[in-house]
Amino acid sequence: SGSNRDYMIGSFDCSGQQRWLKVIGGGDIDYISNIEKDAAGNIYVAGKIVNNSVNFPTHFDTDSILPYSVMPDQYKKTLFLLKYNNDGDLQWLTMPQPDDINFIESFSYTGSYGLQTDANGNSYWLCILPGGGTLANGAFQNPYPDSKLFILVYDSNGNYTNAIDIPITITGSFLELKFKRNHIAGDFYIAGDLDSGTLQVGNEIISTDNVAYLVAFDNSGNYLWSHTSNPNISSASTFIKAMTLDDTGNIYITGESLPN
C-alpha cells in the first residue's frame, strides 16, 4: 500500500509452518493496538484505518475492500472491529461509525486504544469518541460535548450491546494507553503517560506532565483506585510500555523513565 504502515496478522503452527496470513491497511497511517482470542481460538482485531486514497484502497486483506470517495463525508469511517475463526476465515467486520461521518470527526476526534476479549467472545473495546457522535446505527450517542473515553461492548456475533462511560478527562496530549480487563472480577485497568496536560478522574487530578499512571474501574466504569509514578523524581518523561494480569488478578506493568 502507499501508507506509512499496513498491518499483518499471521498464524503459524508449532513447527513454524504458516497457516494463514492477512494484511490490513489503507492509504495512510493505520493502527492496531493488539489482537485477542476466545476459548474456541477465534481471533478478534480492533483498530483504526484511514480511507483517503483512490490508488491504495482500504482493505481487510481480500475479504473486504472499502469504496473510496473524494467527498469529505462519504466512506470516511475509521474504527473497525473484526473476527476471524481459527482457520483465518473472516466471520464478521463491523465499522460502527455513521455512514455520513466526516473525515475530520472520524480521524481527528476518534481513537482505538485497546481490545480485551473474554473466553465467550465478548469484546471490550476502549475508544475515544467525538462529542455528540453516534455509533452502531444510533444505538449509542456520546452525551458529552467533547471527545470522551468509552468502552464499547460487543458480543461474539459482532452485535453492539452497550457502552461503559469511563470518567477520565484528558487535557493536553498523550502517546497511547494500555488497557486490560480482569475477566473474573470484571474490573478494567488503564495505564499510560501524559506528554503534556492533566488526566482527571471525576474532580480528582490523577496525573500531570510526564507522570505515568495506572487507574482501575469496576465493570460499570466506577473509579476504584489509581497509582502514579513519583512526580518528585527529576525526569523528562516516564512511559508505560506494557501491562499484563496473572490468573489471580495481580497486575504487572513495565516502562521507562528518561532523564532530563
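What you see is a predicted model, and the numbers here were worked out from it, not measured in a lab.
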- Query: Does a side chain donor of either Ser226 or Tyr223 reach within less than 3.5 Å of an acceptor in the other side chain?
  - Reply: yes

- Query: Run the side chain to side chain contact (heavy atoms under 4.5 Å, CB included) check on Ile24 and Asp30 step by step: do they pass?
  - Reply: CA-CA 8 Å; Ile24 297 174; Asp30 311 306; over 6 Å; no

- Item | Gln91 (side chain) donor-acceptor with Asp89 (main chain) under 3.5 angstrom | yes

- Task: Apply side-chain hydrogen bond (donor to acceptor under 3.5 Å, both in side chains) to Asn34 and list each qualifying residue two or more places apart in sequence or on a separate chain.
- Result: Glu36

- Task: State the CG-CG distance between Leu149 and Leu177, to the nearest 0.5 angstrom.
- Result: 6.0 Å

- Note on the structure: Rounding to 0.5 Å, atoms CD1 (Ile9) and CG (Leu82) come to a distance of 6.5 Å

- Message: I want to check something: taking the side chain as every heavy atom from C-beta on, are Ile206 and Val215 in contact at a cut-off of under 4.5 Å?
- Response: yes

- Note on the structure: Shortest non-hydrogen pair, Gln141 vs Gly132, comes out as NE2-O, 3.1 Å

- Query: Would you call Phe150 and Tyr144 a side-chain contact if the rule is heavy atoms closer than 4.5 Å?
  - Reply: yes

- For Gly192 and Ile240 the tightest heavy-atom approach is O-CG1, 3.4 Å

- Message: Can a donor-acceptor pair be found, under 3.5 Å and without considering hydrogens, that links the side chain of Asp155 to the backbone of Asn157?
- Response: yes

- side-chain contact (heavy atoms from CB on, under 4.5 Å) against Asp118, all qualifying residues, sequence neighbours excluded: Asn120, Asn122, Tyr124, Arg181, His183

- Backbone N/O of Met95 and side chain of Lys77: donor-acceptor pair under 3.5 Å: yes

- Query: Taking atom types as modelled and ignoring hydrogens, do the side chains of Asp193 and Tyr213 form a donor-acceptor contact shorter than 3.5 angstrom?
  - Reply: no

- Between Asp218 (side chain) and Leu224 (backbone), is there a donor-acceptor pair under 3.5 Å? no

- Set of salt bridge (Lys or Arg N to Asp or Glu O under 4.0 Å) partners for Asp246, sequence neighbours left out: none

- Do Tyr44 and Leu90 belong to the same hydrophobic cluster, where Ile, Leu, Val, Met, Phe, Trp and Tyr are linked whenever their side-chain heavy atoms lie under 4.5 Å apart, directly or via other members? no

- Message: Assess the residue pair Phe217 and Ile166 against the criterion (side chain to side chain contact (heavy atoms under 4.5 Å, CB included)); give the C-alpha distance rounded to whole Å, side-chain angles, the decisive distance to 0.1 Å, and a yes or no.
- Response: CA-CA 8 Å; Phe217 303 90; Ile166 298 300; 3.8 Å; yes

- Leu79 to Cys127 - nearest heavy-atom pair and separation: CD1-SG, 4.4 Å

- Item | Non-neighbouring partners of Lys148 that pass salt bridge (Lys or Arg N to Asp or Glu O under 4.0 Å), sequence neighbours left out | Asp165

- Message: Strictly distance-based, threshold 3.5 Å: is any side-chain N or O of Ser15 a donor or acceptor partner for the main-chain N or O of Gln17?
- Response: no

- Heavy-atom count around Asn250 CG within 6.0 Å, excluding the residue itself: above 12? yes

- Message: Let me confirm one number: the CG-OG distance from Leu129 to Ser106, rounded to the nearest 0.5 Å.
- Response: 10.5 Å

- Message: With ring pair (Phe, Tyr, Trp, His ring centres under 6.0 Å) as the test, pick out the partner of Phe60 among Trp92, Tyr84, Phe80.
- Response: Phe80

- Query: Backbone N or O of Ala242 within a donor-acceptor pair of the Thr254 side chain at under 3.5 Å?
  - Reply: no

- Task: Check whether any side-chain heavy atom of Asn182 sits under 4.5 Å from a side-chain heavy atom of Ile251, and report yes or no.
- Result: no

- Step by step, work out the side chain to side chain contact (heavy atoms under 4.5 Å, CB included) result for Arg19 and Asn86. CA-CA 10 Å; Arg19 299 178 61 241; Asn86 187 259; 3.0 Å; yes

- Message: Under 4.5 Å between side-chain heavy atoms, counting indirect links through other Ile/Leu/Val/Met/Phe/Trp/Tyr residues: same cluster for Tyr31 and Ile49 or not?
- Response: yes

- Query: Minimum heavy-atom separation for Leu115 to Ser33, with atom names?
  - Reply: N-OG, 4.3 Å

- Joint cluster assignment, Leu66 & Phe56, ILVMFWY side-chain distance < 4.5 Å: no

- Do Tyr109 and Ile128 have side chains that get closer than 4.5 Å, going by heavy atoms? no

- Go through the steps to decide whether Ile164 and Val153 satisfy the test side chain to side chain contact (heavy atoms under 4.5 Å, CB included), and finish with yes or no. CA-CA 8 Å; Ile164 301 170; Val153 184; 4.1 Å; yes

- For Asp38, does its backbone N or O pair with a side-chain atom of Asn42 as donor and acceptor, under 3.5 Å? no

- Task: Could you tell me the separation between the CG atom of Leu21 and the OG atom of Ser11, rounded to the nearest 0.5 Å?
- Result: 10.0 Å

- Separation between CZ (Phe179) and OG (Ser112), nearest 0.5 Å, reads 10.5 Å

- Using distance alone, with no hydrogens and no angle criterion, decide if Thr110 and Thr78 have a side-chain donor and acceptor under 3.5 Å apart. no

- Which atom pair, heavy atoms only, marks the closest approach of Asn102 to Glu105? OD1-N, 2.8 Å

- Item | Close side-chain approach of Ile151 to Phe188, heavy-atom, < 4.5 Å | yes

- Message: Does any part of the side chain of Phe107, heavy atoms only, come nearer than 4.5 Å to the side chain of Lys48, both counted from C-beta?
- Response: yes

- Item | Validation row: Trp20, Asp61 side chains within 4.5 angstrom (heavy atoms) | no

- For Lys22, what residues pass the salt bridge (Lys or Arg N to Asp or Glu O under 4.0 Å) criterion, not counting sequence neighbours? Asp63

- Query: Considering residues, nucleotides and ligands other than Asn137, do more than 12 of their heavy atoms fall under 6.0 Å from its CG?
  - Reply: no

- Item | hydrophobic_cluster_shared for Leu199 and Tyr113, side chain cutoff 4.5 Å | yes

- Query: Considering residues at least two apart in sequence or located in another chain, which fulfil the side-chain contact (heavy atoms from CB on, under 4.5 Å) criterion with Tyr160?
  - Reply: Ala136, Ala139, Phe140, Leu152, Tyr154, Ala163

- Query: Looking at Lys180 and Met243, what are the two nearest heavy atoms and their distance?
  - Reply: CE-O, 2.8 Å

- Query: Rounded to the nearest 0.5 Å, how far apart are OG1 of Thr244 and OH of Tyr252?
  - Reply: 9.0 Å

- Item | Min side-chain heavy-atom separation Val70-Tyr68 under 4.5 Å | yes

